[in-house]
Amino acid sequence: MDERYDPARVERAAQDYWDSRQVFAAREGVRGDKYYCLSMFPYPSGRLHMGHVRNYTIGDVLTRFMHMRGANVLQPMGWDAFGLPAENAAMANGVPPAKWTRDNIAYMKRQLQSLGLAIDWSREFATCDPEYYRWNQWLFLRMLEKGIAYKKTGVVNWDPVDLTVLANEQVIDGRGWRTGALIEKREIPMYYLNITAYADELLEALGELPGWPERVRTMQANWIGRSVGCEIAFPYADDTTAAMGGAGVLKVFTTRADTLFGATFMAVAAEHPIALAAAARDPKLAAFVDECRRGSTMEADIATQEKRGLPTGLHVRHPFTGAPIEVWVANYVLMAYGEGAVMGVPAHDERDFEFAGRHGIPIVTVVRSKDGAYERVVAPWIPAYGEAGVTVDSGEFSGLESDAAVEAIAAALAARGLGARRVQYRLRDWGISRQRYWGCPIPLIHCPACGDVPVPDADLPVVLPEDLVPDGSGNPLAKTPAFVDCTCPKCGGAARRETDTMDTFVDSSWYFLRFACADNADAMVDARTQYWLPVDQYIGGIEHAILHLLYSRFWTRVMRDLGLVTLDEPFRRLLTQGMVLNHIYYRHPEGGRRSYYNPADVEMRDGVPVLIADSQPVVHDGLGTMSKSKGNGVDPSQLVEEFGADTARLFMMFTAPPEQSLEWSDEGVQGAYRFIRRLWKAVHDLVAQGPVPTADFGALGAAHRALRRLTHETLAKVTDDIGRRYTFNTAIAANMELLNAATRTSTADAVGRAVVREAFEVIVLTLSPIIPHVTHVLWQALGHATALIEEPWPRPDPAALVREEIELVVQVNGKLRGKVTVAADATDEAIRAAALADVNALRFMGEKPARKVIIVPGKLVNIVVAS
RNA sequence: GCCGGGAUGGCGGAACUGGUAGACGCGCCGGACUCAAAAUCCGGUUCUGGCGACAGAGUGUGGGUUCGAUUCCCUCUCCCGGCACCA
């Protein structure tokens, strides 16, 4: 064994061993229970970032741990290869997205391999492989047949200069990122997946996911947003009937039908038919509607913009009193939610209250507070106004509790055909059409004679041409006759191929299924999914808590209903890892753009951050996720080159528990490296003393017995930390303590060396999931002929854990005042007596008698005296 | 704006079910080794008072429940994630 730790050499040796024996290739039905551990596959952006390193190390630790526990593990890897960055790169460099993407995959794969992950690479695929995305297309056609996929219009960000649809991130302050032009909302036909049909099941099944973090389940439940309420139809008054060219009703949804008699205005979205009809005859209104069409489609923007509205001059009639109610156009009502219209009840809804106040709309109190919080609603708003109570001034429905009033009003509305109880979801159907090139083509053909015709299964996949280069003005597919021009499969006439591609969330909604059978060229999935699925442990960023995970749960159910798989939930356990953060430093020259500096190039001098290169100060802008734009990234490959993959992995796992955000620290990396070197040296020094004979652990001196106890206590703790708690940081800390204790223990005699070796073996075995390379080599150095990867996870020796005495804390009135040592099996009476004899405790009790003595077994004694 | 989460020494974090606050690591201080430095090793390190034994205070803010609260409840502040076309 070398005296010096050489990470490059150690890592090459370990990786060569694993590769040559293909130890991570997974086969169905061998060994014990299957364990499918999956980390969210990366987008091939060019280089691995630290978030990836963290994600994949967490997955690898669990994979290797379960392998040692005897499970038949599968840890696959692939590439989420379609998406916008490839098009942006193409515009910047003129390289086709396909080439850029595949080059990135090749580079990042080498980076991943350098980390020594226990991945079965034989199952690798990229979502831009036609053999993968053909099944997106195939399943889309099945959904079309079943009515799960359908066509309707949707709103997009339209750049009027580039004549192109922009993604939300390409809209900055309501303007196009390249053109600076004011963005317009534009309605275009799109394909949707009917996820709302599964809303109830997706919501209820959250209760059957105990392996998911509570917060993710809460976020999904809120996102689905099931609310039970009432649909109410307000018949058009004569003016509206005239404007709309016929009689009709304005429909709204409300959870507070009990406040119906307090409705003093109606608010509709700018795109609502009544708004458009009114705008046609009112230039001021037309200008306002036009203005509402500008700006981004993002909910955060809409929710934070100033709430504005304009009256239409048109009216609807109250369904019971027939009283006219004026219809307003409001920029905070969204056409996509519910009916695109709401009833305004200023007295009992805060937003309506504000709107009414600003526009001089009357406030009519129709609910009386049950606890007398108010009599009449008057400004300013208090939360009690919005709470349930007893109805007043509501005609025949007065004097009812809110719940009962909702029931009675709903029943009466139903009897008149003007409403009904209804369940409404906040969740909207999933629009999957993207007016973009680098994605999975939607397999449809538009025929002038036959309409929209599905591409026959035999013609799948519709292959995306890989040599196009987008230029920022629309979808290049639409300008490629070889792609667009086709014949109608029905009538054989000339037709146009659909040029929209699918949302990339489609690609990631079932890739976890494909890993079970990636080599099947004839079917989307096969029986091997029965064996491997569900994913036993899924690991990924918290930023995917809603969309990706919800879409995957939905897609899995669609495949179930089509008879392709038998499972409901794809992910049994979920671990949401926190972000990797680093400091942000910049300078902002007068009139210029901010320039960012990497924290590695900055140092603190007299409490001021300065750029090392020129010693001039820079501005510290807090912590942020590592990103190219903030210039605060750290390159994993440089890290691996300098310190080795084990140091990178150890630092990542030690610095914070997986669910928390992790702060980058160069000193922390040094500390991790130092620990590995200390471990290496400790093992080297022991081995250098010659072979260690087996010793009788039955008759040990006190120091050796203490180390053995610590060894087995540590083993028990680390097993629990990795296997149950997923707190790898505390598992590492416990092993650091054990190494500290072991290196302080004398190895002068054979017994001492045996006890110390046992401690080292526990450290090497239990840290092997985290630092697999160095432990692989150290295991051999400790004299083992078999490879560490084939070793089972060790079990603590109960005999080593036995204690004769325990130390208890003595408190007086909850404050620590002393400590007593008692026999491990001492009775409560003996503990009480020992505590009451403690000198310091007596000092604080003074003359006062013990009123009560609380004994917490194994922990403490609290003596309660009158204070 | 709405939904979800977080805040503990100089720093990252630990304290798992309401029971010793600060494990472990970093940094810093002192010492050993060295011509010297780096590396390494040993000791110290929440704050305040005290030579010390020890005492008091202390887990973002303010309140509450309890023999006992970092942990449970309410209030406020700041930070982070998501908001449907970034992935």
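Order of the sequence lines sets the chain letters (A, B, ...), proteins ahead of strands, with each chain counted from 1.
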Using a strict threshold of under 4.0 Å (side-chain N to carboxylate O), is an ion pair present between [Y] and [X]?
| X | Y | answer |
| --- | --- | --- |
| A:R832 | A:D828 | no |
| A:R351 | A:E354 | no |
| A:R428 | A:E299 | no |

Phosphate OP1/OP2 of [N] contacted by [X] side-chain N/O (<4.0 Å):
| X | N | answer |
| --- | --- | --- |
| A:N222 | B:rG4 | yes |
| A:R677 | B:rU40 | yes |
| A:R725 | B:rA15 | yes |
| A:T504 | B:rA87 | yes |
| A:R817 | B:rG56 | yes |
| A:K717 | B:rC24 | no |

Touch class at under 4.0 angstrom, heavy-atom based, for [X] against every strand present:
| X | answer |
| --- | --- |
| A:Q660 | sugar-phosphate |
| A:L581 | nothing |
| A:Q435 | base |
| A:V216 | nothing |
| A:W430 | nothing |
| A:A545 | nothing |
| A:H544 | base |
| A:Y43 | sugar-phosphate |
| A:R215 | sugar-phosphate |
| A:S433 | base |
| A:P657 | sugar-phosphate |
| A:I854 | base |

Without decimals, in angstroms, what is the distance between [X] [atom1] and [N] [atom2]?
| X | N | atom1 | atom2 | result |
| --- | --- | --- | --- | --- |
| A:L860 | B:rA69 | CG | P | 12 Å |
| A:E543 | B:rG4 | CD | P | 19 Å |
| A:N632 | B:rC80 | CG | P | 13 Å |
| A:Q170 | B:rA87 | CD | P | 9 Å |
| A:I732 | B:rA14 | CD1 | P | 12 Å |
| A:Y673 | B:rU40 | OH | P | 10 Å |
| A:R553 | B:rA84 | CZ | P | 20 Å |
| A:K819 | B:rG19 | NZ | C1' | 14 Å |

Checklist entry - Mind telling me whether B:rG68 is syn or anti, cutoff 90° either side of 0? => result anti
Checklist entry - Is A:K152 atom NZ crowded by more than 12 heavy atoms from other residues, nucleotides or ligands, each under 6.0 Å away? => result yes
Minimum-distance nucleotide (side-chain atoms of [X] versus [options]):
| X | options | result |
| --- | --- | --- |
| A:A303 | B:rG19, B:rG1, B:rG27 | B:rG1 |
| A:E299 | B:rG19, B:rG27, B:rC83 | B:rC83 |
| A:N740 | B:rA84, B:rC86, B:rG25 | B:rG25 |
| A:I546 | B:rA84, B:rC67, B:rG82 | B:rG82 |
| A:E169 | B:rG12, B:rC86, B:rA39 | B:rC86 |
| A:T730 | B:rC67, B:rA84, B:rA15 | B:rA15 |

Checklist entry - When the C1' atoms of B:rG30 and B:rA21 are considered, how many whole Å apart are they? => result 27 Å
Item to check | Between B:rA14 and B:rU70 - C1' atom distance, rounded Å | outcome: 11 Å
Next on the checklist: For A:D429 and A:T196, which I'm curious about, is there any donor-acceptor pair between the side chains at under 3.5 Å?
Outcome noted: yes
Item to check | Residue pair A:N55, A:T57: steps toward the side chain to side chain donor-acceptor pair (under 3.5 Å) verdict | outcome: CA-CA 6 Å; A:N55 197 167; A:T57 303; over 6 Å; no
Checklist entry - What's the spacing between A:M653 CE and A:L662 CG if we round to 0.5 Å? => result 8.0 Å
Checklist outcome for this item: On RNA chain B, more 5' by nearest nucleotide between A:D80 and A:T297 is A:T297
Checklist outcome for this item: RNA chain B nearest-nucleotide lookup for A:Q670 and A:R678: closer to the 5′ end is A:Q670
Checklist entry - For A:S227, what residues pass the side chain to side chain contact (heavy atoms under 4.5 Å, CB included) criterion, not counting sequence neighbours? => result A:F253, A:T255, A:Q424
Next on the checklist: Let's test your reading of the model: under 3.5 Å, does the base of B:rC67 pair with the side chain of A:N813 as donor and acceptor?
Outcome noted: no
Next on the checklist: Looking at A:R851 and B:rC67, is any side-chain donor or acceptor paired with a base atom of the opposite kind under 3.5 Å?
Outcome noted: no
Next on the checklist: Would A:W510 and A:N136 count as a side chain to side chain donor-acceptor pair (under 3.5 Å) here? Give the steps.
Outcome noted: CA-CA 9 Å; A:W510 69 282; A:N136 289 352; 2.7 Å; yes
Checklist entry - Which nucleotide, in any strand shown, forms a Watson-Crick or G-U wobble pair with B:rG52, with both distances under 3.5 Å? => result none
Could you pull out the protein-nucleic contacts involving nucleotides 49-54 of chain B (nitrogen or oxygen on both sides, under 3.5 Å)?
{"unit_1": "B:rC54", "atom_1": "O3'", "unit_2": "A:R843", "atom_2": "NH2", "d": "3.3"}

Next on the checklist: Please report whether the ring centroid of A:F355 lies less than 6.0 Å from that of A:Y332.
Outcome noted: yes
